[in-house]
Every structure is written in C-alpha cells, then in structure tokens.
S.K.: 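Questions regarding the structure given below will be posed in turn.
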Amino acid sequence: MFISEKVRYVGVNDRKTDLFEGQYKIPDGISYNSYVVFGEKTAVMDGVDENFADEWLKNIDEVTGGKAPDYLVVLHMEPDHFASVAKFIEKYPCATIISNSRAFVMMGNFLGKTVNFKKVEVKDGEEFDFGKITLKFVFAPMVHWPEVTFAYCPEEKTLFSADAFGKFGDLNSDGPWADEARRYYFGIVGKYGVQVQAALKKLADLKIDKICPLHGNVLSENLNAYISLYNIWSSYDAESDGTVIAYTSVYGHTKKAVELLAEELKANGETVAVYDLSRADSSLVLAEAFRYDKLVLATTTYNGDVFPAMKDFVNALVEHNFQNKTVGLIENGSWAPVAKRKLTEMLSVCKNITFTESAVKILSAVNEENLKEIRNLAEELGKK
Ligand code: FEO
C-alpha cells in the first residue's frame, strides 16, 4: 500500500484471532502494521504476528522488488509485532536490527541465544541517517511496554507511533476511529496515562503530517483531533458528559431499578449508556466508564461480597487507574446487603472519586422508598 513515495505499507489484516492478547474481543479483526521506508538504505519498520509472517515477508518482497532490506527497526517487542522477526532474520541474515538496549535484552529472551543478528543500538533522541531519509528515535516507555520507541521521519513529517494511536479492527473495518481506538487505549495502555502524557510532550514540537501506528489506519488528516483525544484519555479527563450505568441482576429487580434510573436521567436530558456486565463486552464497558464523567454501579450482594461480574469489573477499573469521576451506587440484598460498602472500599484506592450522597438500597425488590431514592440519585447526577 502506498503511503508516500518513500513509505509503503507492508502489514497484514488478521480476521482469524478471536481474542487479542487472549482477552479483548475483536469482531472486526485487527491489523499488524509494518512499513518500509526507502532512503538510500531500506528500513522495515516492525514486524507482525507470527501467524502472518509469510504474508508479511511477501509484502516486503513486493515493495522492495525482492531486494533484501538493509535494516529492521523494532519499535515494540511485543509478540503481536516481534514474533515474526525470527523468520525475517532467517530470510535476511545480513539485515541490521535497529532498536534500544532494553529491546535487545528482550529480543535475547524471546529468541534465545542461538539466533544471531547484526544490531545498532540507538539512544533516546538519537537520529539515524538512512541516506536522504532520517529517523529520530523518541523513547516512549510504557506506551505500552518499557522498550517502546517512536520514530519520527522529518523528511516525510511522519511519526511511527508504535501502539499509540492504534485501534482494534482491521484496515477494511469502518466505524468511527474513536470507538475502537478508545477500547484499545483503555484496555491496553489506560493504566499508563502519566507515561502517555510524557510521550505526548516529547512530540509537541514536531511537525507531524502523518501518524503510522502499529494497528489500524494511517492517520493523515485532522491529526489534532486524535492527539487531543489522547490528551484527554491519558489525563483521565472525561471525554463526554453523561452517565454509564453498569449493572448485574440475578432475578431482574436490580435491572428494574437501573431501567427506572435510566428513564429518569433521560427525562432530565442526560446522556445515558446502560450495560449488563454479565453479557456486555467488558472492555467496551471499561472504555465507556472512562469516557463519561459519571458512573453508576448497580449490583447484588453475593456470598457476603459483590456479585462476581461486578467485582471483576471494579477490579478492572482499579487496575486501569480509574479516577476523576462521580460514582453512584445501587445495591440489592435480601438479608445482609454489603455490596455498597464493599464497592466503596474497592474504589477507595482510586484518585479523586466523588461518591454521590444519594444511593439506592433495595431489599429484594424495588419499593416505594427505592423510587424516591432513584429520583434523588437522578437529580443529583443531573447536577454534576
Ligand atoms: Fe501491539 Fe503492545 O503490542
């Protein structure tokens, strides 16, 4: 695929994998992006998943006319990109791998001691001249692994951004970029907002016309919109005003309360998104919780604790650094309700969480008192 006279796409689409990283549903597949940069020397930028190694090598052959590349630049070591590199080394034993010291240690761990290759180690901020094409290496640790590096090509005003600005969905999938980019970001990188902020600051002075990520489309228009979303996401600000209601319900009574709350909120002109945690894609609900400024958790007490699907969800929120949000709670328990207390304790480690004063306590089924509590909760959320 043509990116420019000097940059070609040689990545692959994956429609076979059902769960990315063994946990994220990818109904529209995913792409593993790789590029070839043509200076006087030729550099391949990153590899692909090992199941697509042959297709990748064929794509490289097509754009190079069968001439062996001089370099392979490894910006990210994770196997969805690096696992094919053993085959690259086998095919192109004279190629030199360019990466950083941390990545080379990892390469030794992944490949073992018997795979040998030529290497050039670059430092943060260092430029490498390929002859009429330059790459400046900008370290971006923990976006998403510690060795991650961006590469900026000033001649092409192009940023090779590793996992940053990536998304789920292969290159044939449509739909708004932000939806699958948000789900990807919060699932994969969301915990590391501080590190993403640091990386974005390093890019601030670069003139960027194109972003070439390792997953999803090459971005070439309206880049400020994408960068602005990354700024919001990584600073844990809410992207939109609205309430996400995430619930579990065993016999339908908690669900009834959730439906009543959603109706009240909508009647008050609020944006509401409702998810049943036992059925919804948990990575989508996670991303939605970060997207909106308010979250309501509605669940039952179960085995003297929180219902399992809710417990898993809140653990995921905590693990991904959930913060800066207003949270309302609806609990249901037939004889010894503890869900509200347990959820409050679980979220107590999160920064800057404001619990609503209003809460709903259901004893088995929604009663008249609960209707008042639901109206109060809706009213309070509407004021936030
Ligand atoms: Fe696409 Fe962090 O690997």
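This chain uses plain numbering: 1 for the first residue, then up along the sequence. As the structure lists them, so they are numbered: ligands from 1, and atoms in each ligand from 1. Quick caveat: nothing in here was measured; it's all calculated off a predicted structure.
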S.K.: Could you tell me which residues satisfy salt bridge (Lys or Arg N to Asp or Glu O under 4.0 Å) with Lys266, sequence neighbours excluded, listed by chain and number?
M.R.: none

S.K.: Kindly indicate whether a cation-pi arrangement holds for Lys202 with Phe150, taking the cut-offs as under 6.0 Å to the six-membered ring centre and within 45° of the axis.
M.R.: no

S.K.: Share the residues that join Phe160 in a hydrophobic cluster, the rule being Ile, Leu, Val, Met, Phe, Trp or Tyr side chains under 4.5 Å apart at the heavy-atom level.
M.R.: Met1, Ile3, Val7, Tyr9, Tyr35, Val37, Met45, Tyr71, Val73, Leu75, Ile98, Val120, Val122, Phe128, Phe130, Ile133, Leu135, Phe137, Leu171, Val218

S.K.: Using the salt bridge (Lys or Arg N to Asp or Glu O under 4.0 Å) rule, collect all pairs that involve residues 340-361, keeping only residues at least two apart or in two chains.
M.R.: Arg341-Glu345

S.K.: Sort by chain and number the protein N/O/S atoms found under 2.8 Å from atom 1 (Fe) of ligand 1.
M.R.: Asp80 OD2, His81 NE2, Asp163 OD1, His215 NE2

S.K.: I would like to know whether Ser334 and Ser364 meet side-chain hydrogen bond (donor to acceptor under 3.5 Å, both in side chains); could you show each step before the answer?
M.R.: CA-CA 5 Å; Ser334 291; Ser364 301; 2.9 Å; yes

S.K.: Answer yes or no: is there a side-chain heavy-atom contact under 4.5 Å between Ile245 and Leu265?
M.R.: yes

